[in-house]
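Working notes for the structure below.
Start at 1 and go down the list; that is how both ligands and their atoms are numbered.
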Amino acid sequence: MRLVIAQMKHETNTFSPVPTPLARFAHGTPAPLEGRAVYDAFKGTGTAIGAFIDLADKAGAEAVFPVAGNAAPSAPVDDEAFEAMAGRIVAAVARGCDAVLLDLHGAMVTRSFDDGEGELLTRIRRIAPDVPIGVALDMHTNLFPAMAQLSTVIAGYQTYPHVDMYETGLRAGRPVFSLLEKSSRPMLAFGHRPMLPHVMRQSSLDSPNKEIQARARQMEREDALCATFFVGFPHADIPYAGSSAVVVTDGDAAGARALCDELLDMAWNARRQFVYQPEPLEKSLLRAKEMRGGPVMLLDHYDNCASGGTMDTMAVLGGILDAGLEEVAAFAICDPQAVEQMTCAGIGARVTIPLGGKLAMPALGLQGKPRTVTGNVRRIVNGIYRNDGPMARGELADMGPSAVLDTGKVEIAVISRHVEPHDIASFRTLGIDPARKRYVMLKSRVHWRAGLGPMARAVVECAGEGVCTSNYSQLKFSRVRRPIYPLDPETPPSV
Ligand SMILES: [Zn+2]
């Protein structure tokens, strides 16, 4: 048995100014891994591709690994990057295989294609019309019909924070193996509801997604091979942004259809619970200042790099400095220039530097606004570490050359590559213990709860500035299908 196993992941924020070249898909290396290096990097990790590797090993299959690339969310992917990765995957399939297992995101937009995953699958199907294809997808998939029509099996994450990447790989892979053994006949149904659930309301730890995901898991225990509800990724001005579902059964097309519609109806009926109203920043910081005990998590949710944020807007950190909050850790400002200045000054030096605000955000009509900050350089590191988990456990993370700027009241992590603070190791690498702080500012919305949730005594959501703004009215949608809820409050259920 010969398998092609590959990873090509990107969540595209079409409002983001952050570029997406091929190098962004690599971690700790100049370009994405290929061949045996993929096996060595992902064997034993809590990722979907790690699960594919385990399934292949268990089956005694020969596996080839044309590419493993995973970029932090940003603007549409450069054509050169997409062609390089898709080209390697298609070439591997062309050499002949019994099945293809893909660890994709599901919300990849490229400069030339609204549906990066659909384009990849189209090219594979041109040369391998009948080969089984199992696909693991992120819960933030924006499902274009081609993705569902061209895959044999689809399984998406059922948790947000995404702590079930490995299990999702098993769910997507196992039905492919049973198909090869002729012990199952996967039948797939998919569908949409015209809604854009707000990211701040999407966590599977909270209602209504908690109940929807629980129902999907129950379906898998009872009648389905895979059952997935995708919340979708709203910061993408493309026709199929928003929620969808995919259910795969063993030979029961009508059953798959009914279960898929049930998940979609659950989400549609809860659509008002998926709406979020931000609070003005001044009010949030005032509330935070009055709180006793800690750590209090201050979420800079308009500038989450794992939703395409520049991770360099200074509105929330500036507000924290102005409010005089003490015993604060801030993760992070992504500013390679500032890291370089701090590195040149050296550990222990006192520096005054323009921090953050290096990138303009033309889609929002905003200029970058650096803020002059004075502090001591506490630490300088290369920024490479391994995730402790529970999210993407064991995977190599790379925040690039990084440093800590200590103002006396706030320890600011300054990094060079986008990494969302979902893992305690990102702090430990910088010598910061967030559990001992009164406040922890995080450029994160939901994923921080994976690694830092247990230590939080309180959470204050801080509306700052950025291209993953929680205020949809700041985003100019022109290509998403309309009507869609809540942009159009009177949207009917099926479009
Ligand atoms: Zn996601």
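- When distances to the Zn ion (ligand 1) are checked against a cut-off of 2.8 Å, His105 contributes no N, O or S atom below that limit.
- Taking the Zn ion (ligand 1) as reference, Asp138 places its N/O/S atom OD1 nearest.
- With sequence neighbours excluded, no residue forms a side chain to side chain donor-acceptor pair (under 3.5 Å) with Gln273.
- If you run ring-ring contact (aromatic ring centres under 6.0 Å, His included) between His198 and each of Tyr485, Phe274, Tyr472, only Tyr472 comes through.
- By the side chain to side chain donor-acceptor pair (under 3.5 Å) test, Glu220 pairs with Gln158, Arg171, sequence neighbours left out.
- Among heteroatoms of the N, O or S kind in His140, ND1 lies nearest the Zn ion (ligand 1).
- Without hydrogens or angle criteria, Thr313 side chain to Ala315 main chain gives no donor-acceptor distance under 3.5 Å.
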